[in-house]
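Computed from heavy atoms alone, side chains included, the values below leave out hydrogens, waters and symmetry copies. Bear in mind the structure is a predicted one, so any value in this text is a computation, not a measurement.
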Amino acid sequence: MQVVTISFFRYNNWASRLEALSQMARGRFALKNVPGLEFFKMLGTGSDAGFNPKPNVDVNAILCVWPDMATAKKGLKESITHRMLRSHSCETYTIYLTPISAKGLWSGVEPLRVTEKPDANGKMAVLTRATVKLPIALKFWAEVPQIQSLVAEHPNCAFHIGMAEVPWVQQVTFSLWNDKREMTSFAHGDCPHGRAVQHVREGNWFKEELYARFNILEEEGSWEGGSPLKRLDAPKPAPETKAQPKAETSTDKAAPGKSKAPRKSKETA
């Protein structure tokens with residue numbers, strides 16, 4: 001079973017931020033020598049949970065692809081790049097995943113092998129990655145703010161972050177969902193994200209793209225002082241239901257010449 005890890009690091013002083021920037025430049029050479037590491041990407045983040053192209057020097061991440069869990073655990077423990085970033089960070093978090101669907105290329109290769117079926121509980125992680133054509137970048141980023149605000153407020157999304165290999169044009173998003181149908185509806189339904197996907201397809205905005213879904217295996221560390229996976233266990237909101245028309249009785253009829261006051265519908269939490 002192939003295992004994908006995404007490790008996040010947060011920094012709270014300039015010495016740590018400078019070391020992180022240094023590792024982003026030279027750490028890739030050390031990662032090439034980590035035994036069993038099949039594919040990796042060092043990722044920066046933007047402001048506003050990563051969905052603003054203005055760089056956020058407080059947070060970065062490393063995505064790694066391993067042949068199995070044992071190799072992943074050993075590799076993360078022994079990788080000098082991961083060790084250096086952990087030692088300089090004030091908070092670290094790693095999530096372990098396995099692909100259940102993958103479509104597209106990343107840097108010209110297919111890094112993910114799908115061997116597992118989706119978990120029956122509906123929980124999943126979603127990763128999107130794209131290289132945006134430079135003339136289209138402004139159009140692409142004009143779509144982002146509304147989408148970011150909606151995903152941040154979505155009750156079925158427990159965690160989301162935007163990352164980048166290269167600011168503005170090589171973008172990655174990662175999110176955790178507790179309901180497959182809600183995630184699919186958000187991604188492809190009649191909503192800002194669904195319409196943005198339609199614009200991408202109609203305008204051929206991307207030079208390269210990859211879309212993947214994952215089962216969630218486990219986590220290590222914390223993020224924003226807590227566990228993103230525990231947020232997945234939060235109760236789901238009750239689905240909205242339309243009130244059924246009530247049969248009219250003689251007492252419901254309005255008196256001649258008078259109109260009935262409109263009934264107030266109960267607000268859902």
Side-chain angles (χ1 to χ4, degrees), residues 4-32 34 37 39-65 75-77 79-97 106-107 125-132 134 137-138 140-153 157-176 208 210 219-228 231:
V4 176
T5 60
I6 307 179
S7 300
F8 298 95
F9 308 89
R10 190 190 306 279
Y11 314 99
N12 62 359
N13 61 71
W14 279 106
S16 295
R17 295 180 186 114
L18 290 172
E19 177 60 30
L21 289 172
S22 173
Q23 287 296 328
M24 291 290 285
R26 56 193 171 91
R28 65 188 72 250
F29 300 105
L31 286 168
K32 289 180 179 179
V34 175
L37 183 55
F39 181 88
F40 70 88
K41 288 293 178 180
M42 302 192 72
L43 303 167
T45 62
S47 304
D48 300 331
F51 292 89
N52 185 317
K54 180 182 176 181
N56 176 10
V57 296
D58 292 342
V59 176
N60 64 3
I62 306 177
L63 178 146
C64 296
V65 179
L76 292 183
K77 182 179 179 181
S79 161
I80 188 171
T81 304
H82 286 80
R83 291 207 317 264
M84 289 295 292
L85 292 179
R86 284 195 297 265
S87 68
H88 284 83
S89 63
C90 62
E91 188 174 37
T92 65
Y93 178 73
T94 296
I95 188 163
Y96 294 80
L97 313 162
W106 197 335
S107 297
V126 178
L127 182 143
T128 69
R129 183 268 167 190
T131 298
V132 184
L134 190 57
L138 290 178
F140 173 83
W141 284 102
E143 305 260 6
V144 169
Q146 185 180 14
I147 294 171
Q148 192 273 332
S149 64
L150 290 174
V151 72
E153 297 169 359
C157 182
F159 176 87
H160 70 287
I161 190 168
M163 300 173 280
E165 299 169 75
V166 177
W168 283 94
V169 293
Q170 290 188 330
Q171 302 304 311
V172 179
T173 68
F174 179 72
S175 53
L176 300 177
E208 185 183 61
L210 172 75
E219 65 180 356
E220 290 177 354
S222 68
W223 199 247
E224 296 179 339
S227 162
R231 297 187 203 124

Non-hydrogen atoms of L31 and L37 that approach each other most closely: O-CD2, 3.5 Å
Can you tell me how far apart CG (L43) and CZ (F8) are? Round to the nearest 0.5 Å. 8.5 Å
OG1-CD distance between T81 and Q23, expressed to the nearest 0.5 angstrom: 5.0 Å
Are the side chains of C64 and I62 in touch, meaning some heavy atoms are under 4.5 Å apart? yes
Provide the closest heavy-atom pair for L176 versus A125 in the form atom of the first, atom of the second, distance. CD2-CB, 3.6 Å
Is there a side-chain contact between V4 and F39 (heavy atoms, below 4.5 Å)? no
When rounded to the nearest 0.5 angstrom, what distance separates CD in E219 from CD1 in I95? 6.5 Å
Any side-chain heavy atom of K41 sitting closer than 4.5 Å to one from Q170? no
Salt-bridge test for E19 and R86: reply yes if a basic N is under 4.0 Å from a carboxylate O, no otherwise. no
Measure from the side-chain N and O atoms of E91 to the backbone N and O of G225, and report whether any donor-acceptor pair falls under 3.5 Å. yes
Distance-minimising heavy-atom pair for R129 and V172: CG-CG2, 3.7 Å
Got a donor-acceptor contact below 3.5 angstrom from the S87 side chain to the M84 backbone? yes
How are the rings of F174 and F159 set to each other: parallel, tilted or perpendicular (split at 30° and 60°)? perpendicular
Considering non-hydrogen atoms only, spot the tightest contact between M42 and R28 and give its length. SD-N, 3.6 Å
Below 4.5 Å, heavy atoms only, C-beta onward: do Y93 and R10 meet side chain to side chain? no
Return yes when atom CD1 of I80 has more than 12 non-hydrogen atoms of other residues, nucleotides or ligands closer than 6.0 Å, and no otherwise. no
First locate atom CG of L18, then atom OH of Y11, and finally report the distance between them rounded to the nearest 0.5 Å. 11.5 Å
Please report the shortest heavy-atom distance between L97 and I6, naming the atom on each side. CD1-CD1, 4.3 Å
Using a 3.5 Å distance criterion without hydrogens, assess whether the side chain of S16 forms a donor-acceptor pair with backbone atoms of H88. yes
Nearest heavy atoms of N60 and T45, plus distance in Å: CA-CG2, 4.4 Å
If you round to the nearest 0.5 Å, how far is CZ of F9 from CG of L85? 5.0 Å
Could you tell me the separation between the OG atom of S89 and the NE2 atom of H82, rounded to the nearest 0.5 Å? 11.5 Å
What I'd like to find out is whether the side chain of T92 reaches to under 4.5 Å of the side chain of S7, using heavy atoms alone. no
